[in-house]
Amino acid sequence: MSQALADRELAAVIGLEVHVQLETDTKIFCNCSTDAADDEEPNSRTCPVCLGLPGALPVLNEAAVESAVKIGKALDADIPAETTFHRKNYFYPDLPKGFQLTQYDAPICADGELEVSVEGERRAISVRRAHLEEDPGSIQHEGGNIDTADYTLVNYNRAGTPLMEIVTRPDFRSPAETRAFLAKLEEVLEYLGVFDANRDGSLRVDANISLVPADAIDEENEIGEDALGNANRTEVKNISSHKGAEQALAYEITRQKNAVKRGREVEQETRHWDESRGVTVSMRSKEEEKDYRYFREADLPPLQVSDWKERIPIPELPDDRRERFREEYGLSEEAASKLTSRKSVADLYEQLAEEFEPDLAATWVADNLLGELNYRDMEIADITGRLDEIEHVIRLVAEDELTAKNAEEVVLRRMLDEGEHPDEIIEAEDLGKASGGEVEQAVDEAIEENPGAVDDYESGDEGALNFLVGQVMGKTGGSADPGQVNQLLRERLE
């Protein structure tokens, strides 16, 4: 590494390889189930095919191919007339056959893109290819991490699970951009119904990072092939989340820049992201394509799926649904974004918007419900059996039988924390809305008991009115409507 290069400003160039577990009932080349039980024994969900035993022949899972085509359509990718499978040869304990069945020079999807927003700026990230392959088994390091473990165990239950590997071009320039891309990709995959984010290990990321002179990147954010070719590339594996990707890349970029400043060469290698320690650890020298000795899989004939692109429909995608929500329900961009971030959330909103005013439904789903669920690290899926109770609470608010404040701060929170039915909570806490006479009496008492606040209000202090509203709400046990209380106080005082 020359001192001249070490003194130059350096920029990161990042490309991703995203491994997505497809939601199918069985593995990609055999009939073994993909449904992992919590108490299953290691190496019990296997057969001669996924264990790579002699004489066992693979049979391609049609559902996996359909999922791949849906992903290709969502990415606006090319789906060729013919696609083939290859053997990728390498030796690692989690690979029972000694090779991985994947796709090489004829992937099922190529040349797509996905548009993401980073800090208000929208960018199209190019997807070079997306192809089908089988998952290896899983490795468990006992007594420590990859460096300190006493020994390592291998479980082949996951071997043969269908994966879609989505490979981007080196279009990322910061860890924040990769996080935004992964979040958007996961959103699209969920809408397609081909992916379950709640499955353990359902999305895994390998990131390739190179450092190049900052002036090698032009105004269009493009980098010349020469500059990229002259830079050593480091691959970081074992990334399993959006946040993990951002942290791993931030660490690795800093590590490489520090190495260059010290005049050291950045090695072309594969590194392991140790999430518990927040560091990357060297695993092995980086393989080149020729090291894998790809050759055609003779037991799987070429696959012709180009006409499937027209025959297989895909649902409304997040961006389209977001725009429709703004037009159809008159929502702000922020509210529409919140309500379409997960398909389950968008579906719930539409269900409620058929029953209530769109703004009321949006407030309850985007602010109240999601806010309380996020605080408890819960998802809509955790309360699917209680959505009728949520609707009941919103109806009580809409029909002016329960204050919005009590509905959110008392009823909803107790529903989530203690599992009680809303009617039980309302009865136990006497949260029925106060009658007009009760509210008027409470207003008169608050004015009589707080002459100082009355004087302050009459002197132009609007904060004094808020104090009086609070006094009335306290007297009515929070069952009065704050807007009505505010109006009554103004009428009495003016």
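- Relative to the six-membered ring of F99, K97 meets both conditions, a distance below 6.0 Å and an angle of at most 45° to the axis.
- Aromatic rings from Y292 and Y104 are positioned such that their centres are separated by 6.0 Å or more.
- Salt-bridge formation is not detected for the pair D94/R158: no Lys NZ or Arg NE/NH1/NH2 atom is positioned less than 4.0 Å from an Asp or Glu carboxylate oxygen.
- Atom NZ of residue K70 and atom CG of residue L75 lie 14.0 Å apart, to the nearest 0.5 angstrom.
- The neighbour count for E418 CD, taken as heavy atoms of other residues, nucleotides or ligands under 6.0 Å away, is above 12.
- With sequence neighbours excluded, the residues forming a side-chain contact (heavy atoms from CB on, under 4.5 Å) with T83 are Q103, I108, L303, V305, listed by chain and number.
- Salt-bridge formation is detected for the pair E379/R342: a Lys NZ or Arg NE/NH1/NH2 atom is positioned less than 4.0 Å from an Asp or Glu carboxylate oxygen.
- With a 4.5 Å cut-off on side-chain heavy atoms, Y329 and L339 do not count as touching.
- Ion pairing of K243 with E246 is absent here, as no side-chain N (NZ or NE/NH1/NH2) approaches a carboxylate O to less than 4.0 Å.
- By the 4.5 Å heavy-atom criterion applied to side chains, T84 and D105 are counted as neighbours.
- Residue K338 comes nearest to V345 through the heavy atom pair O-CG1, 4.0 Å, listed as atom of the first residue, atom of the second, then distance.
- Taking the side chain as every heavy atom from C-beta outward, H131 and H86 never approach each other to under 4.5 Å.
- Between the side chain of K73 and the backbone N or O of K309 there is at least one donor-acceptor pair closer than 3.5 Å.
- For the side chain to side chain contact (heavy atoms under 4.5 Å, CB included) test with I71, the passing option among L22, V188, I314, V127 is L22; the others fail.
- In D388, the CG atom is crowded: over 12 heavy atoms of neighbouring residues, nucleotides or ligands sit closer than 6.0 Å.
- Rounded to the nearest 0.5 Å, atoms OG (S67) and CG (L163) are 12.0 Å apart.
- Between A207 and I239, the closest heavy-atom pair is CB-CD1, 4.3 Å.
- At a cut-off of 3.5 Å, with distance as the only test, a side-chain donor of T102 or E133 sits close to an acceptor on the other residue.
- Remark: D25 CG is loosely packed, at most 12 non-hydrogen atoms of other residues, nucleotides or ligands lying under 6.0 Å away.
- Under the 4.0 Å criterion applied to side-chain N and carboxylate O atoms, E372 and R376 are assigned as salt-bridge partners.
- Using a 30° and 60° split on the angle between ring planes, F172 and F181 fall in the perpendicular class, above 60°.
- Around the CG atom of D347, the shell of radius 6.0 Å holds more than 12 heavy atoms that belong to other residues, nucleotides or ligands.
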For the pair I253 and Q256, evaluate side-chain contact (heavy atoms from CB on, under 4.5 Å) and give the outcome as yes or no after the intermediate values.
-> CA-CA 5 Å; I253 290 168; Q256 291 190 23; 6.0 Å; no
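- Taking the charged nitrogens against the carboxylate oxygens, D111 and R169 do have a contact shorter than 4.0 Å, which makes a salt bridge.
- Of the listed residues (E316, E323, E187, R321), just one forms a side chain to side chain contact (heavy atoms under 4.5 Å, CB included) with T340, and that residue is R321.
- Of the possible donor and acceptor atoms, one in the side chain of Q268 sits under 3.5 Å from a partner among the backbone N and O of R233.
- We find the CE-NE2 distance between M283 and H272 to be 7.0 Å, quoted to the nearest 0.5 Å.
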S240 vs E275, side-chain contact (heavy atoms from CB on, under 4.5 Å): CA-CA, chis, key distance, verdict | CA-CA 9 Å; S240 59; E275 190 168 4; 4.1 Å; yes
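- The shortest non-hydrogen separation linking P175 to A250 is CG-N, 3.7 Å.
- Ring pair F325/Y349 is tilted by interplanar angle, where 30° to 60° counts as tilted.
- Among all heavy-atom pairs drawn from A248 and V236, the shortest one is CB-CG1, 4.4 Å.
- Counting heavy atoms of neighbouring residues, nucleotides and ligands inside a 6.0 Å radius, atom CG of N198 exceeds 12 of them.
- Across every non-hydrogen atom of C109 and A77, the tightest pair is CB-CB, 4.1 Å.
- In this structure, K27 and R45 have side chains that are in contact, with non-hydrogen atoms separated by less than 4.5 Å.
- A distance-only check finds a donor-acceptor pair linking the side chain of E134 to the backbone of L101 [under 3.5 Å].
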Show the numbers, then the answer: is there a side-chain contact (heavy atoms from CB on, under 4.5 Å) between H19 and D206?
-> CA-CA 8 Å; H19 301 83; D206 299 340; 3.2 Å; yes
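- Proximity of a side-chain donor or acceptor of N61 to a complementary backbone N or O of F29 within less than 3.5 Å is not detected.
- Between L412 and V393 there is no side-chain heavy-atom pair separated by less than 4.5 Å.
- Separating the CG atom in L211 from the CD1 atom in I209 is a distance of 9.0 Å, to the nearest 0.5 Å.
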List the steps, then state whether salt bridge (charged side-chain N to carboxylate O under 4.0 Å, His left out) holds for R173 with E121.
-> CA-CA 13 Å; R173 301 293 176 261; E121 180 182 350; over 6 Å; no
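- For the pair L192/P315, a side-chain contact is recorded, criterion being any heavy-atom separation below 4.5 Å from C-beta on.
- In this structure a side-chain-to-backbone donor-acceptor pair under 3.5 Å is present from T168 to L16.
- Residues K343 and E190 are not paired through a salt bridge, judged by the lack of any N-O separation under 4.0 Å between the basic side chain and the carboxylate.
- A side-chain donor-acceptor contact under 3.5 Å links T34 to the backbone of T24.
- To the nearest 0.5 angstrom, L185 atom CG is 8.0 Å from F195 atom CZ.
- The main-chain N or O of G201 is found under 3.5 Å from a side-chain atom of R204 such that the two form a donor-acceptor pair.
- Taking the charged nitrogens against the carboxylate oxygens, D171 and R128 have no contact shorter than 4.0 Å, which rules out a salt bridge.
- With N155 contributing its side chain and G137 its backbone, the two residues share no donor-acceptor pair below 3.5 Å.
- Side-chain contact between D299 and R87 is present, with at least one heavy-atom pair separated by less than 4.5 Å.
- Distance check: L348 CG to L369 CG gives 6.5 Å after rounding to the nearest 0.5 Å.
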Please report the C-alpha distance between I390 and M415 in whole Å, then the side-chain angles of each, then the deciding distance to 0.1 Å, and finally whether the side-chain contact (heavy atoms from CB on, under 4.5 Å) criterion is met.
-> CA-CA 9 Å; I390 301 293; M415 286 173 62; 3.8 Å; yes
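- Salt-bridge formation is detected for the pair K237/E235: a Lys NZ or Arg NE/NH1/NH2 atom is positioned less than 4.0 Å from an Asp or Glu carboxylate oxygen.
- With T152 as reference, H141 is the one residue of E142, Q140, H141 to meet the side-chain hydrogen bond (donor to acceptor under 3.5 Å, both in side chains) rule.
- Inter-residue side-chain proximity for W273 and R271 is flagged as unmet; no heavy-atom pair is nearer than 4.5 Å.
- Between T234 and V266, the shortest heavy-atom contact is OG1-CG1, 3.8 Å.
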